[in-house]
Q: 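Questions regarding the structure given below will be posed in turn.
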Amino acid sequence: MIKHYTGIIEHYRGRLPVSLSTPVVSLGEGNTPLIELKNLPSLLQFDARILVKFEGLNPTGSFKDRGMTMAVTKALEAGSKAIICASTGNTSASAAAYAARAGIISFVLIPEGKIAFGKLSQAMMHGAVVIQIRGNFDDGMRLVQEVARDVPVTIVNSINPYRLQGQKTAAFEIIEELGDAPDFHALPVGNAGNITAHWIGYSEAAGLPTATAPADMPVSDKRVFSSRRPMMLGYQAAGSAPFMRGKMVENPDTVATAIRIGHPMSWNQAWIVREESSGWFGERTDEEILYVQKLLARHEGIFCEPASAASVAGVLRDITEGRIPPGATIVCTLTGHGLKDPDTAIAQSSRPVSVDASRDAIEAVIISNMS
Ligand code: F0G
């Protein structure tokens with residue numbers, strides 16, 4: 001029998017802090033494909049199995065939907081009438097969509113001029129109250145926390161612990177598909193919520209303790225279904241790499257606007273993840289990130305947004321430099337869809353050719369491109 005898939009809460013109900021009376025707000029998020037890279041290993045001559053978890057195929061085009069279904073569901077259960085977030089774009093798009101679905105108001109704070117156009121269009125189209133601030137994400141995050149102390153709005157950034165509960169389900173899906181945890185799991189790191197969420201998921205699946213586990217998250221299903229946890233690798237953009245600097249960065253800058261964050265909210269948790277998993281942080285330049293974004297699009301047919309490519313860019317160099325051993329199985333999360341940021345994609349692609357609407361002209365183009 002084919003079972004209709006209705007999102008991560010229904011699918012992992014026993015592993016999430018929900019009850020039968022919880023009013024589930026879902027858009028069918030999760031269940032994203034885990035795609036093995038087929039062409040890059042021979043093209044770049046490396047010996048590793050890289051699989052990308054394409055989170056850009058969630059309902060609003062990013063991994064945020066896994067967390068947002070939980071955060072909005074729990075907000076609704078608690079009687080909240082409005083949600084608020086600061087965002088580099090994807091959280092705002094997701095919050096706006098899930099608030100629309102739930103019939104509540106969403107307020108989103110975004111850094112003026114620094115979010116990708118697709119994301120802005122989503123927040124606007126779903127009817128969020130979009131507040132552009134003359135400041136960066138870190139300013140927005142601070143303001144959201146200040147405001148939420150005074151007015152009855154629920155914060156749906158990843159400091160909301162239900163967000164991480166939803167996002168941990170990506171680790172469950174990977175284990176189920178591979179039969180066990182991979183050797184390494186690489187993610188782009190901004191606020192460091194997602195790397196923390198994955199670690200919570202991997203730890204729960206393996207029945208192993210972690211200091212990142214939140215207190216008071218009652219779940220009924222604690223069955224163990226993996227034999228181990230992966231080493232966690234967190235990659236940042238060089239201009240926005242507080243984990244590499246070992247301290248907060250005041251004016252972060254990168255073409256990967258999604259991870260343009262200098263003051264990560266899950267700072268402590270991410271260091272614990274690194275420690276407990278024996279993993280590491282790395283940084284890649286904007287040039288490397290865009291180069292790998294294009295490699296994935298051209299040679300694998302996978303179009304992710306720039307920030308997402310940081311995970312694969314990180315891993316490729318660490319394979320070349322021998323930090324990742326030959327033969328390893330590595331999962332890289334591609335956090336968001338390439339359509340989120342059409343401007344960056346078009347800026348680095350060759351222009352379309354313009355010709356007359358004639359058969360000769362078209363044939364001439366085909367012949368010159370095939371010879
Ligand atoms: N990749 C993408 C595409 C993102 O949008 C984000 C975060 C990250 C990676 C980093 O994840 O913060 O959990 O370490 N975007 C947030 C937003 C900040 O507002 O959309 P993280």
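Note that ligands are numbered from 1 as they come in the structure, with each ligand's atoms numbered from 1 the same way.
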Q: In terms of ring plane angle, is the pair Y202 and H198 parallel, tilted or perpendicular, where the classes change at 30° and 60°?
A: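 Y202 vs H198 ring planes: tilted.
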
Q: Side-chain donor-acceptor pair under 3.5 Å between W280 and D318, yes or no?
A: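 Result is yes, a qualifying pair exists.
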
Q: Using a strict cut-off of less than 4.0 Å between a Lys/Arg side-chain nitrogen and an Asp/Glu carboxylate oxygen, indicate whether E204 and K168 qualify as a salt bridge.
A: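 Yes, this pair counts.
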
Q: Give yes or no for whether the N/O distance cutoff of 3.5 Å, strictly under, is met between G190 and ligand 1.
A: yes

Q: Who pairs with Y162 by ring pair (Phe, Tyr, Trp, His ring centres under 6.0 Å), at least two apart in sequence or on another chain?
A: none

Q: Determine whether the side chain, the backbone, both or neither of L187 has a heavy atom under 4.0 Å from any heavy atom of ligand 1.
A: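 Under 4.0 Å from ligand 1, L187 contributes no heavy atoms.
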
Q: Any side-chain heavy atom of V52 sitting closer than 4.5 Å to one from I302?
A: yes

Q: Go through ligand 1 atom by atom and flag the ones less than 4.0 Å from a non-hydrogen atom of V189.
A: 14 (O)

Q: I want to know if ligand 1 touches T91 in the polar sense, i.e. an N/O pair below 3.5 angstrom.
A: yes

Q: Quick one: does T333 get within less than 4.0 Å of ligand 1, heavy atoms only?
A: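 T333 does not count as a contact of ligand 1 under the 4.0 Å cut-off.
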
Q: Evaluate S92 for polar contact with ligand 1, using N/O atom pairs at a separation under 3.5 Å.
A: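 No, since none of the N or O atoms of S92 sits under 3.5 Å from an N or O of ligand 1.
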
Q: Do me a favour and list the nearest non-hydrogen protein atom to atom 12 (O) of ligand 1 with residue, atom name and distance?
A: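 In this structure, atom 12 (O) of ligand 1 has N191 N, 2.8 Å as its nearest protein heavy atom.
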
Q: Of all the atoms in ligand 1, which lie at a distance below 4.0 Å from a heavy atom belonging to S87?
A: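 Listed by number with element: 17 (C), 19 (O), 20 (O).
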
Q: Which atoms of ligand 1 have any heavy atom of G193 under 4.0 Å away?
A: 13 (O), 14 (O), 21 (P)

Q: Just which atoms of ligand 1 are under 4.0 Å from any heavy atom in T88?
A: 15 (N), 16 (C), 17 (C), 18 (C), 19 (O), 20 (O)

Q: Please list the nearest protein heavy atom to atom 1 (N) of ligand 1 with its residue and the distance rounded to 0.1 Å.
A: T335 OG1, 2.6 Å

Q: Using a strict threshold of under 4.0 Å (side-chain N to carboxylate O), is an ion pair present between E36 and R49?
A: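 Yes, R49 and E36 are salt-bridged.
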
Q: Pairing donors with acceptors under 3.5 angstrom, does anything connect the side chains of S203 and R229?
A: yes

Q: Using side-chain heavy atoms (C-beta onward) and a distance below 4.5 Å, is D183 in contact with M231?
A: no

Q: So, do F172 and F225 have ring centers that fall under 6.0 Å from each other?
A: yes

Q: Specify the protein heavy atom at minimum distance from atom 4 (C) of ligand 1: its residue, its atom name, and the distance to 0.1 Å.
A: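 Going atom by atom, the protein heavy atom closest to atom 4 (C) of ligand 1 ends up being A258 CB, 3.5 Å.
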
Q: At less than 4.0 angstrom from any non-hydrogen atom of I261, what atoms of ligand 1 do you find?
A: 18 (C)

Q: If you have a sec, work out which protein heavy atom is nearest atom 5 (O) of ligand 1 and how many Å separate them, to one decimal?
A: N90 ND2, 2.8 Å

Q: How far is atom 11 (O) of ligand 1 from its nearest protein heavy atom, and which residue and atom is that?
A: F63 CZ, 3.5 Å

Q: Any carboxylate oxygen within less than 4.0 angstrom of a Lys/Arg side-chain nitrogen, looking at R317 and E283?
A: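 Answer for the salt bridge query: no.
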
Q: Mind checking what makes ring pair (Phe, Tyr, Trp, His ring centres under 6.0 Å) contact with H263, not counting sequence neighbours?
A: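 Here no residue qualifies.
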
Q: Counting heavy atoms only, which of K119, E305, Q236, K64 comes nearest to atom 16 (C) of ligand 1?
A: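 It is K64 that holds the nearest heavy atom.
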
Q: Of all the heavy atoms in A192, does at least one lie under 4.0 Å from an atom in ligand 1?
A: yes

Q: Could you tell me whether R66 and E55 have a side-chain N and a carboxylate O separated by less than 4.0 Å?
A: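 E55 and R66: salt-bridged.
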
Q: Check whether any N or O atom of N194, backbone or side chain, sits under 3.5 Å from an N or O atom of ligand 1, and answer yes or no.
A: yes

Q: List the closest protein heavy-atom neighbour of atom 8 (C) of ligand 1: residue, atom name, distance to the nearest 0.1 Å.
A: I259 CG2, 3.6 Å

